[in-house]
Trainee: 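Got a structure for you, written out below as structure tokens; questions coming shortly.
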Amino acid sequence: MSNDLYTPLTRKTPQQGRGFRVGLIPALSLSGLVLGGLGAFVFLSNDPLGGEPYIVAAVPPRPAETAKTDMPADKPAEQPFAATTAEVDPALDRVGHPTVSILTPGGEDGQMQVKTITLPGEAPPPSYIPAPDARVIEKSRYGLLPKIGPDGSRSSKLYAHVADPEEAVVTAKLPKIAIIMGGLGLSQSGTADAITKLPPQVTLAFAPYGTFLQKQVDKAREQGHEVMLQIPMEPFDYPSNDPGPQTLLSTLSREQNLDRMHWCFSRFSGYTGVVNYLGAKFTANGAALRPMMQDVRDRGLTFVDDGSSPRTVTESLAADLKLGYAKSQLTLDVVPAPDKIDEALGVLEAQARDKGSAIGYASALPLSMERIAKWAKDLENRGFVLVPVSAVVSGEPNS
């Protein structure tokens, strides 16, 4: 009997060597037969998955008149930076009535078995125009930028919230109140709450940062919300108080600030205009601000001042440039407490009753959303109508 414990690992005993040589040929022959049979099955059955079920999903395309662009078919349009991510946010993953087909090869008769399921989903409202619309976009090195279309189409009109005609007639003479909820896009859950919990007449303003921006904006607009883009601008205590990358600064040249603003423009499509994000110092500097507001006008957008700075010169510049403009009269959640927010909403009502319309601004805080949603429920019973900000913008061309 051999002593296997002391046999070198790199050597074979004579018996081991003969056993390996004798069994090698049959083993290889058997493996060849198995592989050959498997290959023949795949070839003859035309099923590379070997009978496993698989799914084919068919999502209806957007309408041709709004989905197409003027880009060549073999070269897809450049997308804003935020839209290049391959991830999907489950909280916002919804399309209108998609279908899924489950294909199972090799049924009783050997034929492919097909089962089609229609998934639940809400069809967009009839007035909803998906973004980007080819009429009002142009390519840039950052992605798609807004422009005035050859037919005079403007993003400010094309992407605006459209009120129900019958309701508009009933509420036409009521004082109008518009509310802008800012700071969206930074928190996934907070953005989803604002989209689903606030009335569709509340305008949602997105910062040019964060992930899934285009998907979030699409969801907001499908739910009826009007959308604006927040442009980061220099505050007086910059850089200790920094709005973020690509902030417009009074120390930069016109070309540098325009380049930064165009980066912000490219982050998503579907907004009617822009609103300042901070910017007390920049909005007080007419020389630095003027070319920015002129570019906003020339791209078919409107400008809304959030009303946070008493030194702003946006109103006089907008009048001089004939730019569609509005200004918030009140920040609703300066003190984030329920009684203070309710008090501010009462002041907003008084301003609307006195002047015919009023605009309030709030941050995307859970408490702010809760109080505004509750306040809006019986607003018409108190003699007011909640409207998107486009309904109170002045000085904008009708085309």
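Remember, it's a predicted structure, so these values are computed and weren't measured experimentally.
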Trainee: Please tell me if the side chains of His262 and Phe265 come closer than 4.5 Å, counting only heavy atoms from C-beta onward.
Mentor: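 Counting from C-beta outward, His262 and Phe265 do come under 4.5 Å.
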Trainee: Please identify each residue that fulfils side chain to side chain donor-acceptor pair (under 3.5 Å) with Gln256, with sequence neighbours left out.
Mentor: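 Listed in chain order: Ser253.
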Trainee: Which pairs pass salt bridge (charged side-chain N to carboxylate O under 4.0 Å, His left out) with one or both residues in residues 201-211, sequence neighbours excluded?
Mentor: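 Non-adjacent pairs meeting salt bridge (charged side-chain N to carboxylate O under 4.0 Å, His left out): zero.
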Trainee: Do Gln188 and Gln216 come close enough that some side-chain heavy atom pair is under 4.5 Å?
Mentor: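 Side-chain contact under 4.5 Å: yes.
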Trainee: Between the side chain of Ser328 and the main-chain N/O of Leu330, is any donor-acceptor distance below 3.5 Å?
Mentor: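 Yes; judged by distance alone, with no hydrogens or angles, the pair exists.
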Trainee: Side chains of Tyr277 and Pro208, heavy atoms from C-beta outward: is any pair under 4.5 Å?
Mentor: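 No - every pair of side-chain heavy atoms lies 4.5 Å or more apart.
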Trainee: I'd like to know if the side chain of Asn285 and the backbone of Ala288 have a donor-acceptor N/O pair within less than 3.5 Å.
Mentor: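 Yes, the answer is positive, given that a donor and an acceptor are paired below the 3.5 Å cut-off.
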Trainee: A side-chain contact here means heavy atoms from C-beta on lying under 4.5 Å apart; do Leu204 and Met228 qualify?
Mentor: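 With C-beta onward as the side chain, the pair stays apart.
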Trainee: Considering only residues two or more places apart or on different chains, which pairs with a residue in residues 185-203 satisfy salt bridge (charged side-chain N to carboxylate O under 4.0 Å, His left out)?
Mentor: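 Found Asp193-Lys197.
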Trainee: Taking the side chain as everything from C-beta on, heavy atoms only, tell me whether Asn276 gets closer than 4.5 Å to Gln230.
Mentor: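 Result no, sub-4.5 Å side-chain heavy-atom pair not found.
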Trainee: Between Ser390 and Glu226, does any side-chain donor sit less than 3.5 Å from a side-chain acceptor?
Mentor: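 Glu226 and Ser390 do have a side-chain donor-acceptor pair below 3.5 Å.
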Trainee: Under the side-chain contact (heavy atoms from CB on, under 4.5 Å) rule, collect the residues that match up with Val392, sequence neighbours excluded.
Mentor: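 Applying side-chain contact (heavy atoms from CB on, under 4.5 Å) to Val392 gives Lys176, Ala178, Ser357, Ile359, Val387, Val389.
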Trainee: Same cluster or not: Leu258 versus Met233, using hydrophobic residues (I, L, V, M, F, W, Y) connected whenever any side-chain heavy atoms lie under 4.5 Å apart?
Mentor: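 Per the 4.5 Å side-chain linkage, Leu258 and Met233 are co-clustered.
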Trainee: Kindly state each residue pair satisfying side-chain hydrogen bond (donor to acceptor under 3.5 Å, both in side chains) with at least one member in residues 340-349, sequence neighbours excluded.
Mentor: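 Those involving residues 340-349 are Asp342-Arg371, Glu349-Trp375, Glu349-Arg382.
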Trainee: More than 12 heavy atoms of other residues, nucleotides or ligands under 6.0 Å from OH of Tyr361: yes or no?
Mentor: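 Count over threshold, so yes.
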Trainee: Would a hydrophobic clustering, with Ile, Leu, Val, Met, Phe, Trp and Tyr connected at side-chain separations under 4.5 Å, put Ile148 with Leu229?
Mentor: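 No; tracing contacts between hydrophobic side chains, which count when under 4.5 Å, never links both residues.
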Trainee: Taking all atoms of both residues into account, what is the closest heavy-atom pair of Leu198 and Ala373, and its distance?
Mentor: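 Distance-wise, the nearest heavy atoms are CD2-N, 4.3 Å.
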Trainee: Quick one: does Ile341's side chain get under 4.5 Å of Ser368's, heavy atoms only?
Mentor: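 Side-chain contact under 4.5 Å: yes.
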Trainee: How close do Leu184 and Ala364 get, heavy atom to heavy atom, and via which atoms?
Mentor: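 It is CD2-CB, 3.5 Å.
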Trainee: Looking only at non-hydrogen atoms, find the nearest pair between Asp218 and Ala131 and report the distance.
Mentor: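 So the minimum-distance heavy-atom pair works out to OD1-O, 4.1 Å.
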Trainee: Which residue pairs pass the salt bridge (charged side-chain N to carboxylate O under 4.0 Å, His left out) test with at least one member in residues 297-306, sequence neighbours excluded?
Mentor: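 Listed once each, the pairs are Glu138-Arg299, Asp295-Arg299.
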Trainee: Just how far is it from atom CG of Leu348 to atom CD1 of Ile177, taken to the nearest 0.5 Å?
Mentor: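 It is 5.0 Å, given to the nearest 0.5 Å.
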Trainee: Whether the side chain of Ser316 engages the backbone of Val313 through a donor-acceptor N/O pair (distance < 3.5 Å, no angle test) should be reported.
Mentor: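 Here the side-chain-to-backbone pair exists.
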Trainee: Between Arg141 and Asp259, is a side chain to side chain contact (heavy atoms under 4.5 Å, CB included) present by the stated rule, with each step listed?
Mentor: CA-CA 10 Å; Arg141 69 192 187 97; Asp259 187 72; 3.0 Å; yes
Trainee: Ala318: what forms a side-chain contact (heavy atoms from CB on, under 4.5 Å) with it, not counting sequence neighbours?
Mentor: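 Ala318 satisfies side-chain contact (heavy atoms from CB on, under 4.5 Å) with Met293, Leu323, Tyr325 once adjacent residues are dropped.
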Trainee: Same cluster for Leu345 and Leu386 if Ile/Leu/Val/Met/Phe/Trp/Tyr side chains link at under 4.5 Å?
Mentor: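 Same cluster.
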Trainee: Testing the basics here: between Ser269 and Leu144, what is the closest heavy-atom pair and its distance to 0.1 Å?
Mentor: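 Answer, listing the atom of Ser269 first, then Leu144: OG-CB, 4.5 Å.
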Trainee: Below 3.5 Å, can you tabulate the donor-acceptor pairs from side chains in residues 243-251 to any protein atom, sequence neighbours excluded?
Mentor:
residue: Thr247; atom: OG1; partner: Gly244; partner atom: N; Å: 3.4
residue: Thr247; atom: OG1; partner: Gly244; partner atom: O; Å: 2.5
residue: Ser250; atom: OG; partner: Glu234; partner atom: OE1; Å: 2.8

Trainee: Could you tell me which residues satisfy side chain to side chain donor-acceptor pair (under 3.5 Å) with Asn257, sequence neighbours excluded, listed by chain and number?
Mentor: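 Expected list: none.
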Trainee: Counting distance only, does the side-chain N/O of Thr283 pair as donor-acceptor with the main-chain N or O of Gly279 below 3.5 Å?
Mentor: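 A pair under 3.5 Å: yes.
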Trainee: Could you go through the side chain to side chain contact (heavy atoms under 4.5 Å, CB included) check for Phe212 and Lys219 one step at a time?
Mentor: CA-CA 11 Å; Phe212 313 117; Lys219 170 78 176 224; over 6 Å; no
Trainee: Is there a side-chain contact between Glu396 and Lys157, using heavy atoms and a 4.5 Å cut-off?
Mentor: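 Heavy-atom side-chain distance check passes, below 4.5 Å.
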Trainee: Looking at every non-hydrogen atom in both residues, tell me the closest pair between Leu186 and Thr191 and how far apart they are.
Mentor: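 Scanning both residues, the minimum pair turns out to be N-OG1, 4.2 Å.
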Trainee: Per the side-chain contact (heavy atoms from CB on, under 4.5 Å) rule, which among Val217, Val136, Val227 passes with Tyr159?
Mentor: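 Option passing the side-chain contact (heavy atoms from CB on, under 4.5 Å) with Tyr159: Val136.
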Trainee: Got a sec, which residues hit ring-ring contact (aromatic ring centres under 6.0 Å, His included) with Tyr271, two or more places apart in sequence or on another chain?
Mentor: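 Per chain and number, Tyr271 pairs via ring-ring contact (aromatic ring centres under 6.0 Å, His included) with Phe268.
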Trainee: Who pairs with Asp320 by salt bridge (charged side-chain N to carboxylate O under 4.0 Å, His left out), at least two apart in sequence or on another chain?
Mentor: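 Once residues adjacent in sequence are excluded, the partners of Asp320 under the salt bridge (charged side-chain N to carboxylate O under 4.0 Å, His left out) criterion are Arg290.
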Trainee: Looking at every non-hydrogen atom in both residues, tell me the closest pair between Pro146 and Ser155 and how far apart they are.
Mentor: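 Answer, listing the atom of Pro146 first, then Ser155: CB-OG, 4.0 Å.
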Trainee: Can you sort out the partners of Glu370 under side-chain contact (heavy atoms from CB on, under 4.5 Å), two or more places apart, ordered by chain and number?
Mentor: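 Partners of Glu370 by the side-chain contact (heavy atoms from CB on, under 4.5 Å) criterion, ordered by chain and then number, come out as Leu367.
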